[in-house]
Amino acid sequence: MKAKTSFVCQQCGAVYAKWVGQCPNCSAWNSLVEQIIESESSKKSALAKGQVSGKKLDFVKISTVVPSDAKARLLTEFPDLNTVLGGGILMGSVSLLAGQPGIGKSTLLMQICAEVAKKHNVLYVSGEESAGQVKLRAIRLGAEAEKLSFAASTSANDIAKTIESGEFDLVIVDSIQTLAMDEISSAPGTVSQVTNSGNLIIRAAKSTDTAVIIVGHVTKDGTLAGPKVLEHLVDVVLNFEGDRYGGFKTVRAVKNRFGSTNEVAIFAMAENGLSEVQNPSAALLAERTNTDGSIILATLEGNRPILVEIQALATNTNFGYPKRTASGFDINRLNLLIAVLERRTKLKLNDKDIFINVVGGMKINDSAADLAVCMAIASAAAGRKLGEDYVVFGEVGLGGEIRSAFRADQRIAEAKKLGFKHAIGPATIRDKFVIPAKDLRETLIKYVR
Ligand code: TYD
Ligand code: MG
């Protein structure tokens, strides 16, 4: 039976009987969300009488509480992923695994299931694939554990009821966008379905201490379309990023109530599923040929130091505006660095198309990548290459000054480990390995121009 619902504007709280694209009250677009009307009349009368309907909380002395961590966590076969999770999957926790379609979410979860199902009861619920299709993947991944069950369902109510039965220690829901709650008429994937279905499942998980992992698809530009609203509700949000075709993929926690958000697990996809990359720097540099425009950056992925190759290409602009393209690097940051280069180093770039590529599908989100990107551009524009045994790191300020980078010692250690002889880095670092760079112009003239 369909429950009575109304549409509530999430911006101003106005209530409507029908959905409209723009809220007539506050003019916000797409802000109406369908909500179930709960017998308002009884609530209202109690309020009118000034009565408080709640009851006194059952509180406990915090000293007597057994920490949930004391219970064993469910371990995956991936040590780095366990670290990202804060030491494994906590019982009763609800995690959201978000990523682009095709990146490998179902694959990763099937591999997690296989490992956990060696000891625990695990249920994989899919709203996207049939038992046969999932079985094919399980065979391919060697994930045919005895305690692993499967169900095809798109009903949030049924899934919540199943979780509530307490039969399973871990339940996978693939994916939130396919779920619908019986009481709500809007289509699967809409904000109201995602929020209400999510809430239902979270409540069921908490009441029975069942660990749940929910899959959420995100759109290409990285925004969590529907799942964004779930981010506030769940305990852990894992982002699965990287190239869909080949290259490395990273899993990092952007939110974790039970662990740090600085850790990252790096994966590669092969014929028989995902595997953790033990030494990403070595793998990333394996195919390197030292050409102009190629600079090795000592960066950090979460807490891990990593060496990646930054490639730049500068070609003459044929007509119109010069084109600037970046893959794995923020385009706005690139435009800013080009402006700094033009103004502070007199390098002429306004007649050049500039392309930046971070090798291996990595996404760089580190201010200390600035100097490497600038040097790569200068090197490409001048056709001069930097020596083979140099790594580079440092932030570039708008004045063309080179600023300090955090965790410099870790970057240096990683470079030394992989046989590099020098680093060009901020002048504040006192280490013989680092050639101090104070000013962008001086540094470029000395090394790549
Ligand atoms: P999938 O996990 O279904 O992606 P998602 O659930 O995020 O949409 O699969 C991602 C891709 O990985 C798919 O195109 C096929 C490929 N793949 C492999 O290369 N090896 C494997 O062992 C598996 C299972 C998939
Ligand atoms: Mg999938």
Side-chain angles (χ1 to χ4, degrees), residues 76-78 80-81 84-85 89 95-117 122-145 148-156 159 170-180 188-189 193-194 197-198 201 212-228 230-231 234 236-254 264-277 283 360-361 363:
T76 72
E77 66 177 290
F78 307 112
D80 292 344
L81 184 62
V84 170
L85 287 161
I89 307 164
S95 316
L96 173 69
L97 177 65
Q100 278 185 46
I103 187 127
K105 298 181 292 299
S106 306
T107 307
L108 180 65
L109 290 175
M110 185 51 81
Q111 287 178 275
I112 291 175
C113 281
E115 179 66 24
V116 175
V122 180
L123 175 65
Y124 193 109
V125 186
S126 179
E128 304 190 336
E129 292 157 306
S130 67
Q133 287 168 320
V134 170
K135 173 80 181 193
L136 273 184
R137 181 183 289 123
I139 294 172
R140 189 162 163 192
L141 300 171
E144 295 167 273
L148 176 57
S149 314
F150 174 84
S153 172
T154 56
S155 159
I159 296 172
L170 173 66
V171 176
I172 309 287
V173 180
D174 189 358
S175 65
I176 188 73
Q177 273 97 347
T178 59
L179 295 195
Q193 286 292 13
V194 168
S197 307
I201 289 170
V212 174
I213 304 179
I214 302 172
V215 172
H217 294 295
V218 301
T219 47
K220 185 134 195 312
D221 57 10
T223 52
L224 287 112
K228 192 86 202 166
L230 266 190
E231 277 195 10
V234 298
V236 180
V237 178
L238 299 174
N239 268 6
F240 203 160
E241 293 174 339
D243 226 353
R244 235 188 311 172
Y245 314 100
F248 289 158
K249 303 163 202 293
T250 56
V251 176
R252 75 179 76 230
V254 287
V264 62
I266 301 173
F267 291 95
M269 177 76 86
E271 272 304 295
N272 51 358
L274 291 155
S275 55
E276 270 184 354
V277 181
K363 276 206 180 73

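One-based numbering along the sequence shown. Numbering of ligands and ligand atoms starts at 1, following listing order.
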- [ ] Supply the atom-to-atom distance Thr250 OG1 to Leu238 CG, rounded to the nearest 0.5 angstrom.
- [x] 11.0 Å
Task: Pairwise distance CD1(Ile266) to OG(Ser275) - rounded to 0.5 angstrom - done: 12.0 Å
Short question: side chain of [X], backbone of [Y] - any donor-acceptor pair under 3.5 Å?
X      : Y      : result
Gln177 : His217 : yes
Glu276 : Leu81  : yes
Lys105 : Leu97  : no
Glu115 : Ile112 : no
Arg252 : Val84  : no

Under 4.0 Å, heavy atoms only, figure out whether ligand 1 is touched by the backbone of [X], its side chain, both or neither.
X      : answer
Asn272 : backbone
Lys105 : both
Pro101 : backbone
Glu271 : backbone

Taking [atom] as the reference point, the nearest protein heavy atom with its distance:
atom                    : answer
atom 15 (C) of ligand 1 : Arg140 NH2, 4.9 Å
atom 4 (O) of ligand 1  : Gly104 N, 3.2 Å
atom 19 (O) of ligand 1 : Met269 CG, 3.3 Å
atom 3 (O) of ligand 1  : Arg137 NH2, 2.9 Å

Open item on the list: Contact between ligand 1 and Gly102 is defined here as a heavy atom of the residue under 4.0 Å from a ligand atom; is it met?
Closed with: yes
Task: Ala270 heavy atom under 4.0 Å from ligand 1 - done: yes
- [ ] Output the list of atoms in ligand 1 that are nearer than 4.0 Å to some heavy atom of Ser106, sorted by atom number.
- [x] 2 (O), 3 (O), 5 (P), 6 (O)
Task: Per atom 1 (P) of ligand 1, closest listed option by heavy atom (Val215, Val134, Thr107) - done: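 Answer by nearest heavy atom: Thr107.
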Task: Polar proximity ligand 1 side, Leu141 side, N/O cut 3.5 Å exclusive - done: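 No, Leu141 has no N/O under 3.5 Å of an N/O on ligand 1.
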Task: Any N, O or S atom of Ser175 closer than 2.8 Å to the Mg ion (ligand 2) - done: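 Checking the Mg ion (ligand 2) against Ser175, no N, O or S atom falls under 2.8 Å.
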Task: Shortest non-hydrogen contact between Gly273 and Thr107, atoms and distance - done: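 Minimum heavy-atom separation between Gly273 and Thr107: CA-CG2, 4.1 Å.
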Task: Closest non-hydrogen atom pair between Glu129 and Val134, with its separation - done: CB-CG2, 3.8 Å
Open item on the list: Going by a strict under-4.0 Å cutoff (protein heavy atoms only), does atom 13 (C) of ligand 1 have a neighbour on the protein?
Closed with: no
TODO: State whether any protein heavy atom lies less than 4.0 Å from atom 23 (C) of ligand 1.
DONE: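 Yes, there is one.
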Open item on the list: Please verify the inter-ring angle class for Phe267 with Phe78; under 30° counts as parallel, over 60° as perpendicular, anything in between as tilted.
Closed with: perpendicular
